[in-house]
Structure formats: C-alpha cells, structure tokens
**Q** 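One structure follows; several queries about it will come next.
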Amino acid sequence: MFLEELFDRKFVDAVLNEWHKTMMDLPAGFRQAYEMGLVSSAQMVKFLAINARPTTSRFISRTLPQGMSRAFIGRMLADPAFLYRLILEEAATIGSSVWWEVKNRKDRIKQEWDLALMNVLTVAACNALVVWSLAPCRSYGNTFRFDLQNTLQKLPNNIFERSYPLREFDLQKRIHSLFYKAAELCIVGLTAGAVQGSLSNFLASRKKEKLSVTIPSMSTNALGYGAFLGLYANLRYQLLCGFDQAMVNHFDVIGVALFFSTALRVLNVQLGERSRLAWLGVEVDPLVQSDDLLKAYNRPSEDGTRSSSKWFISKNAIVSGLGLLGIRQGNAESAANEEMRAPKSRRKRIVRKKVTASSA
C-alpha cells in the first residue's frame, strides 16, 4: 500500500510538522476528528495536499457551499483520484452524447440544436450525480434530529467501500446501501426525466418540420430515466467502484491502477450511452435520415437514361429458365448457336439452253 492508514497520534503530528502546520490550522470539523483520534496519517497527508497549497481541489472546495465542500473533501480523502475520475466521466459522457447527436441528426443538427443540447445536458447531469453519489467518502457525520437520518448517514456510499473508525460496514449495511442508492438514483432519474421530457416536447411542438429523432412523452421519459439510473446505472457503477478499489489494493503504483480504471470507465460510458437509448426508446426516423433515398427520387433525367443502359437481361438467365420448363439447355444453346453461325443459303440460278435439231 502506497498510503498506509496509521491512526497513532505521533504519526499524525509528524505529518503536521512536515507541512509546518499545527492543530489550530485545521478546520473545526476536521480538528475535532483529529482530537478524537479518527484521522489517520494518510488522511492528513491527503487533506494537507488539498488545502495547504493553491490547487484546483482547494479552489473547488472553497467555492462550493459549506455542506458540499465538506462532502467534496471527504471524497477526496477517501479517493485522491476522485476529481480526476469525475472529470473523465463527464468528458467521456459529453463526447459520446455529442457524437451520437451529430451522427444521427446530420444536417438537421442546425435546426434541432436545442433538442440536442437538452439531451447532452441531461445526460451529463445524471452521470455526475451517479458518480458523486456512489463515490467513497470519509465522513464522521453530523447528529440529526430523526433516527432515520442518522441510520442512513451510517450506510456506505457503495457496497465495496472500506470500513474506518466509527464507520463499520457489515453485510447488512452494504445490502441496505444498495437498495437505498437504487431508490435515491431512481428519484433523481424521475425528476431529471420529467424536466427534460417536458422541455423537449415543448421545443418539438414549435418545430414545423418532422424531427429526425423520436421524442418520448414526458411520462415515458421520466420512467425510463428513473429505471435506467436506479437499476442499470446503479449496478454498473457499484461494480466499477469495487474494481477501482481492487486495482488500487493490487498495484503499488497508482498510475497503473488509474490506467485500468480509465479504460474501463470509457467502455462503461459507451455501454451506458447505448443502453440509455434503448431504455428510453429513442430511435432515429429512417425516412428523414435517408438522404440517399431522397437523392434517388431527385435524380435528373440524363442520369436515368445513362443508368438504364446498364440494365440488361442475360441470355444465360433465359436459358436457365427454360431448363425449369423441361427444355434441355444444351439443345437450346446449340440450336441458338447454329442459327447464329449458319450463313443464309443463296439460291442458284439455273440457266437452260435451247438445243436445235441441226446441231444434233
């Protein structure tokens, strides 16, 4: 392991001294966890690497609201490559979705750019929420008023998340987490699908020409997105989180683990994009997209006369057809050849001479 979890206080203090920091430089929540002995040396290194110097992660954590900032830092502590994975997923998702829209809408993309943009934004937002929701997180939590909130807070984000102090994940909690995340993502999909379906149908009603891609109704779109995120996407990304953790534990070099994770995530995005279209029932209209068929109807007459000369009926086909009628093909061919080869006979002119009696 390239970052070992050591919860001994002297190792954590050694990390603080190395970064020229003290306990008072830590945020209130993180300082409380440090005093309780819940912060390991590896977590302290990750936290200081984010906040002790100007980095992209520190800029994002300070830009977000307090609740989201704590959640973001917790995910970075659990997985230092979380930001990289999130950016990779978004880039692959947007690229795959834009490529599909351009490929299937073709020349209609100029008239239907608003519908294509709506689809791309919805897919990107849903993918970001799935990655954020299922990413492992180090959180020592807040105390809520209701017991149900406290119970849900103690569940892991995915079924393969590792246990840590004050968060022991047994098999029952992991199974509960699977169903809880399925319900949570299903609600997200229903909401996103309803909003996107209503806006897409409104924009489609203002189009005068026939659309190149079918648009499902609002209810179909909402139910399709809800089932897709809650069932299919949830299961895929649960397994993907387990694969990431297995790669990190198996390889000592983090670059090798990131390479395999990147390759699998790109393939996962491609599979998810094709599956999403099938779950939503989105299809391409063949009549609108058949440019070759439209060109065939609009050909000039000269091309028609030129191409008509290329069409002919082979004599062999006729002869083979005669064979089906019981006529021997060999006799028919020989008779036809003899007729073609035999020259026309010319009638000889017979001249008769008159013989007189005197000559006899």
Side-chain angles (χ1 to χ4, degrees), residues 75 79 82 85-101 103-104 116 118-137 152 155-161 171 173-200 213-247 260-284:
R75 283 163 172 79
D79 183 13
F82 167 72
R85 301 184 201 276
L86 181 61
I87 295 176
L88 174 66
E89 286 277 348
E90 286 300 290
T93 301
I94 294 175
S96 178
S97 182
V98 170
W99 177 80
W100 188 90
E101 294 289 344
K103 176 185 175 183
N104 292 279
M118 186 65 60
N119 294 336
V120 173
L121 292 179
T122 304
V123 173
C126 291
N127 180 264
L129 290 175
V130 171
V131 176
W132 176 274
S133 177
L134 298 180
C137 179
L152 295 177
L155 296 177
N157 283 357
N158 60 78
I159 58 178
F160 298 101
E161 187 173 356
L171 181 60
K173 289 184 178 180
R174 297 181 189 277
I175 295 176
H176 290 169
S177 172
L178 178 64
F179 289 101
Y180 171 68
K181 290 299 179 180
E184 182 181 20
L185 294 177
C186 184
I187 295 175
V188 172
L190 287 172
T191 305
V195 173
Q196 192 238 354
S198 58
L199 292 177
S200 297
V213 178
T214 58
I215 296 181
S217 61
M218 185 185 70
S219 59
T220 303
N221 202 64
L223 293 175
Y225 262 108
F228 174 73
L229 293 184
L231 300 177
Y232 191 67
N234 178 36
L235 182 60
R236 285 190 296 112
Y237 279 91
Q238 292 274 2
L239 297 176
L240 192 60
C241 291
F243 177 82
D244 291 339
Q245 183 175 344
M247 289 295 101
F260 286 106
S261 176
T262 300
L264 188 61
R265 284 183 179 273
V266 172
L267 294 177
N268 177 61
V269 169
Q270 295 292 331
L271 177 63
E273 179 64 19
R274 295 184 179 182
S275 304
R276 180 185 66 87
L277 300 174
W279 280 73
L280 297 179
V282 177
E283 297 178 351
V284 180

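A quick note: this is a predicted structure, and the numbers were derived from the prediction, not measured. What you see below is based on every heavy atom in this structure, not just the backbone, and it leaves out hydrogens, waters and symmetry mates. Counting begins at 1 with the first residue of the sequence.
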**Q** May I ask you to check whether over 12 heavy atoms, not counting those of Met218, lie within 6.0 Å of atom CE?
**A** no
**Q** Specify the closest pair of heavy atoms between Pro136 and Asn157, including all atoms of both residues, with the distance to one decimal.
**A** C-ND2, 4.3 Å
**Q** Would you call Tyr225 and Leu185 a side-chain contact if the rule is heavy atoms closer than 4.5 Å?
**A** no
**Q** Tell me whether Ser261 contacts the main-chain N or O of Asp244 through its side chain, where contact means a donor paired with an acceptor under 3.5 Å.
**A** no
**Q** Any idea how Tyr232 and Phe228 line up, ring-wise: parallel (<30°), tilted (30 to 60°), or perpendicular (>60°)?
**A** tilted
**Q** So, does Ser198 use its side chain to make a donor-acceptor pair with the main chain of Ala194 at under 3.5 Å?
**A** yes
**Q** Using atom types as modelled and distance alone, determine if a side-chain donor or acceptor of Lys181 lies under 3.5 Å from a backbone N or O of Ser133.
**A** yes
**Q** Arg174 side chain to Glu161 main-chain N or O, any donor-acceptor pair under 3.5 Å?
**A** yes
**Q** Enter the distance from Leu178:CG to Asn234:CG here, rounded to the nearest 0.5 Å.
**A** 5.5 Å
**Q** With sequence neighbours excluded, tell me which residues meet ring-ring contact (aromatic ring centres under 6.0 Å, His included) with Phe243.
**A** none
**Q** How long is the gap from NZ on Lys173 to CG on Leu152, to the nearest 0.5 Å?
**A** 11.5 Å
**Q** Answer yes or no: is there a donor N or O on one side and an acceptor on the other, between the side chain of Thr93 and the main chain of Ala124, under 3.5 Å?
**A** no
**Q** To the nearest 0.5 Å, tell me how far Leu277 CG sits from Asn119 CG.
**A** 9.0 Å
**Q** OG of Ser177 to CZ of Phe160: how many Å apart, nearest 0.5 Å?
**A** 11.0 Å
**Q** Would you find a donor on one side and an acceptor on the other, under 3.5 Å apart, between the side chain of Asn104 and the backbone of Trp100?
**A** yes
**Q** Please name the pair of heavy atoms, one in Ser97 and one in Glu273, separated by the smallest distance, quoted to 0.1 Å.
**A** CA-OE2, 4.0 Å
**Q** To the nearest 0.5 Å, what is the distance between OG on Ser219 and CG on Leu190?
**A** 11.0 Å
**Q** Say you draw a straight line from CD of Gln238 to CD1 of Ile159; how long is it, rounded to the nearest 0.5 Å?
**A** 5.0 Å
**Q** Side chains of Pro216 and Val282, heavy atoms from C-beta outward: is any pair under 4.5 Å?
**A** yes
**Q** Using only atom types and a distance under 3.5 Å, with no angle test, would you say the side chain of Gln196 pairs donor to acceptor with the backbone of Asn221?
**A** no
**Q** If you apply the rule side-chain contact (heavy atoms from CB on, under 4.5 Å), what do you find for Glu89 with Val130, and how did you get there?
**A** CA-CA 10 Å; Glu89 286 277 348; Val130 171; over 6 Å; no
**Q** Measure the shortest side-chain to side-chain distance between Tyr237 and Asn158 over non-hydrogen atoms and say whether it is less than 4.5 angstrom.
**A** no
**Q** Is the backbone N or O of Ala92 less than 3.5 Å from a side-chain atom of Ser96, with the two atoms forming a donor-acceptor pair by type?
**A** no
